[in-house]
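Report on the following structure.
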Amino acid sequence: MRMTQLFVQTLRDDPADAEVPSHKLLVRAGYVRRVAPGIYTWLPLGLRVLNKIETIVREEMDAIGGQEMRFPALLPKEPYEATDRWEEYGPNLFRVKDRRGADMLLGPTHEEMFTLAVKDLYSSYKDLPARLYQIQTKYRDEARPRAGILRGREFIMKDSYSFDIDDAGLDAAYQAHREAYVRIFDRLGFEYVIVKADSGAMGGSASEEFLAVSPTGEDTFVRSAGGYAANVEAVTTPVPEAINFATFDAAVVVDTPGTPTIESLVEVLNASHARDDRPWEAKDTLKNVLVMLVHPDGRREPLAIGVPGDREVDEKRLETQVAPAEVDAFTEADFAANPVLVKGYIGPEVLGESRASGIRYLLDPRVVSGTVWATGANVQGKHVLNLTAGRDFEADGLIEAAEVRAGDPAPDGSGPLELARGIEMGHIFQLGRKYADRLGLQVLNENGSLTTVTMGSYGVGVSRAVGVIVESSHDDAGIVWPRSVSPFDVHLVVAGKAPEMFEAAERIVADLESAGLSVLFDDRPKVSPGVKFKDAELIGVPTIVVVGKNISDGIVEVKDRKSGDRRDVALSDATAEILGEVRG
RNA sequence: CGGGAUGUAGCGCAGUUUGGUAGCGCACCCGCUUUGGGAGCGGGGGGUCGGGGGUUCGAAUCCCUCCAUCCCGACCA
């Protein structure tokens with residue numbers, strides 16, 4: 001491809017609406033253009049990268065026996081009504097009406113369609129297992145699209161689905177996908193972690209996410225030096241040993257006027273009820289937080305959560321735990337309706353389904369039997385000290401809703417946790433029989449009776465990968481593509497106007513192309529070398545060949561985009577040298 | 001949905017406070033010069049100043065209103 005022919009226009013300035021590096025660079029270098037919020041056009045350069053990523057994904061999916069097919073993006077609503085997702089997906093679902101007023105949707109993901117397709121064609125256990133996939137444009141009407149192609153409303157995803165007669169088959173399909181994903185992401189060339197994910201309300205069992213490690217990521221995950229990794233929503237807290245409280249002091253109520261917050265409480269306790277051993281700290285207090293759960297049927301249920309006072313309730317972790325219910329704030333009106341709750345002084349003695357409030361009370365796992373707390377006495381301006389779990393109060397159960405902090409111990413004992421950010425690039429999980437049940441996907445088993453098929457669902461963000469790779473591989477001058485996805489193998493720059501330069505360049509291009517390489521040839525005759533070098537660095541092809549002033553000595557230059565290393569090569573050896581470089 | 005900001009040429013921006021002929025840089029076109037790090041000089045094309053309404057002799061500028069976009073948060077396989 002010649003630069004004089006390529007449909008591209010590089011920009012000197014960052015676009016004003018771009019924030020993250022990948023967005024700025026992909027627009028500046030002429031890979032994509034924004035059409036509407038969260039909706040992008042793939043220009044020729046961008047499409048070449050996208051196609052390369054698709055090819056890698058296809059190869060690895062085919063290698064585990066996946067069969068590619070393609071469903072429409074425009075779908076009828078009925079299958080999604082059958083699984084309740086027409087409602088559950090909420091405003092994120094792109095809904096459209098046809099001319100007769102029939103409801104339709106732009107597919108956000110295709111579990112229903114794949115399930116129905118298998119139901120349509122198969123009816124015997126002998127037909128299984130099946131592994132089917134598609135690479136398709138998906139639509140989600142995100143409330144706030146951002147970061148360019150990293151989070152669009154239209155995006156390309158590879159989604160595959162496994163269909164098995166039994167759990168062993170599902171496990172095998174899950175493992176096969178896991179290994180395929182490792183190969184895919186290794187080939188795409190960015191750093192990633194595999195984290196335990198929460199399968200949430202989907203009802204599945206095993207679930208893991210592949211997160212690209214990136215400070216611009218929207219997902220927080222934890223990892224330990226010993227190899228534990230999990231999405232922050234899925235982190236579990238190691239439960240401490242119970243403590244024998246036989247000799248502990250009895251609980252005592254003390255006056256703590258004007259202490260509705262943990263901070264003010266600690267201050268007053270240190271001033272007027274000092275401990276013998278050390279000052280009071282927030283972690284000595286038990287904070288009881290009230291929220292309102294909204295169940296899918298609209299029922300509202302108050303819930304009390306007890307956490308150590310030095311920790312906040314993490315709303316995402318809480319929502320994950322209570323799904324499919326949603327979490328709403330506990331309002332002044334709710335307090336008014338529960339007069340036994342004294343705001344700012346709520347204590348465990350009124351919490352619990354069998355206590356005065358009748359409100360379900362769940363505790364952080366750290367609050368084991370024998371731990372001693374300073375906490376609300378359910379009277380304005382009073383707290384209770386030495387309140388001992390297991391002796392003075394019980395809860396209705398445990399909940400993992402407290403925030404996770406760097407330094408917390410990993411649940412498997414592999415060391416302290418570190419928090420980091422990631423971009424979700426792949427998600428594999430065992431769906432089980434939820435969709436097959438709802439849509440009636442059953443086959444006859446060996447005994448001639450109907451058995452519900454068990455399914456897995458596995459996704460890869462294909463268009464997102466373009467952005468992720470740029471996030472992980474760029475410098476001040478531009479993009480640095482890994483060879484596996486670079487739009488071209490070689491970027492050849494003619495730095496000058498002498499006819500012999502162009503003649504030499506033409507020969508190198510012809511030789512490389514006949515050897516099977518793709519070459520971006522900057523043949524612009526009136527553009528200065530500086531501009532061509534800047535463009536080459538911006539566009540990011542990993543090998544840059546410069547034919548310039550040294551051509552009179554029969555020398556061309558081969559530059560490595562990533563390291564910046566350059567070396568002179570004899571024109572006669574150029575093709576062989578470049579081939580060696582590109583093919584590694 | 002809440003908070004903040006911004007809408008002026010393809011892109012990046014000034015001009016708005018204090019109303020008076022629509023500007024700069026990049027990009028684009030023509031000519032000459034230039035060719036190893038985003039060239040120089042000269043000439044040129046391109047704008048319903050986000051939309052609508054109002055005030056005024058006169059509005060990019062003041063007022064009202066609507067819309068759009070971006071950022072933070074909420075939300076999000």
Is the base of [N] touched by the side chain of [X] through a donor-acceptor pair closer than 3.5 angstrom?
| X | N | answer |
| --- | --- | --- |
| A:Lys526 | B:G40 | no |
| A:Asp535 | B:G38 | yes |
| A:Gln9 | B:G10 | no |
| A:Arg146 | B:G73 | no |

Mind checking the [atom1] distance from [N] to [M]? Whole angstroms is fine.
| N | M | atom1 | result |
| --- | --- | --- | --- |
| B:U48 | B:C57 | P | 28 Å |
| B:G40 | B:G25 | C1' | 16 Å |
| B:C30 | B:A9 | P | 24 Å |
| B:A68 | B:C76 | P | 24 Å |
| B:G7 | B:A39 | C1' | 34 Å |
| B:G53 | B:C13 | P | 30 Å |
| B:U16 | B:U8 | C1' | 11 Å |
| B:C28 | B:U61 | P | 33 Å |

Pairing check on [N]: which nucleotide meets the Watson-Crick or G-U wobble criteria with it, both distances under 3.5 Å?
| N | result |
| --- | --- |
| B:U69 | B:A5 |
| B:A60 | none |
| B:A77 | none |
| B:C49 | none |
| B:U21 | none |
| B:G31 | B:C41 |
| B:A14 | none |

Which part of the nucleic acid, if any, lies within contact of [X], taking any heavy atom under 4.0 Å across all strands shown: a base, the sugar-phosphate backbone alone, or nothing?
| X | answer |
| --- | --- |
| A:Arg566 | base |
| A:Val527 | base |
| A:Asp159 | nothing |
| A:Gly548 | base |
| A:Glu537 | base |
| A:Arg524 | nothing |

To the side chain of [X], which of [options] is closest?
| X | options | answer |
| --- | --- | --- |
| A:Arg464 | B:A77, B:C75, B:G38 | B:A77 |
| A:Pro529 | B:G36, B:C75, B:G12 | B:G36 |
| A:Val546 | B:G36, B:A74, B:G38 | B:G36 |

Send over the distance from [X] [atom1] to [N] [atom2], rounded to a whole Å.
| X | N | atom1 | atom2 | value |
| --- | --- | --- | --- | --- |
| A:Glu142 | B:A77 | CD | P | 8 Å |
| A:Asp17 | B:A68 | CG | C1' | 13 Å |
| A:Asp141 | B:A77 | CG | C1' | 16 Å |
| A:Asp476 | B:G38 | CG | P | 16 Å |
| A:Arg140 | B:A77 | CZ | P | 7 Å |
| A:Glu19 | B:G73 | CD | P | 11 Å |
| A:Phe533 | B:U35 | CZ | P | 14 Å |
| A:Arg151 | B:C71 | CZ | P | 11 Å |

Would one find a side-chain N or O of A:Arg12 under 4.0 angstrom from OP1 or OP2 of B:A27?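 The answer is yes; a side-chain N or O of A:Arg12 sits under 4.0 Å from OP1 or OP2.
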
Could you tell me whether the phosphate oxygens of B:A39, OP1 or OP2, come under 4.0 Å of any side-chain nitrogen or oxygen in A:Ser528?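 Yes, because at least one side-chain N or O of A:Ser528 sits under 4.0 Å from OP1 or OP2 of B:A39.
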
Measure up the [X] and [Y] rings against each other and bin them: parallel (under 30°), tilted (30 to 60°), perpendicular (over 60°).
| X | Y | result |
| --- | --- | --- |
| A:Tyr31 | A:Trp481 | tilted |
| A:Phe163 | A:Tyr161 | tilted |
| A:Tyr139 | A:Phe94 | perpendicular |

Can you check whether A:Asp186 reaches A:Tyr192 side chain to side chain, under 4.5 Å on heavy atoms?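 They are in side-chain contact.
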
Between A:Arg58 and A:Glu68, does at least one N-O distance fall below 4.0 Å, as a salt bridge requires?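 Between A:Glu68 and A:Arg58 there is a salt bridge, with a charged N closer than 4.0 Å to a carboxylate O.
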
Could you check A:Glu424 against A:Gly530 and say which one's nearest nucleotide on RNA chain B is further toward the 5' end?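 With A:Glu424 and A:Gly530 compared, the 5'-side residue is A:Gly530.
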
With nearest nucleotide decided by heavy atoms, which residue, A:Thr109 or A:Pro145, maps closer to the 5′ end of RNA chain B?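 Looking at RNA chain B, the more 5' nearest nucleotide goes with A:Pro145.
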
Whether [X] side chain and [Y] backbone form a donor-acceptor pair below 3.5 Å:
| X | Y | result |
| --- | --- | --- |
| A:Glu471 | A:Ser22 | yes |
| A:Lys562 | A:Pro542 | no |
| A:Gln134 | A:Phe71 | yes |

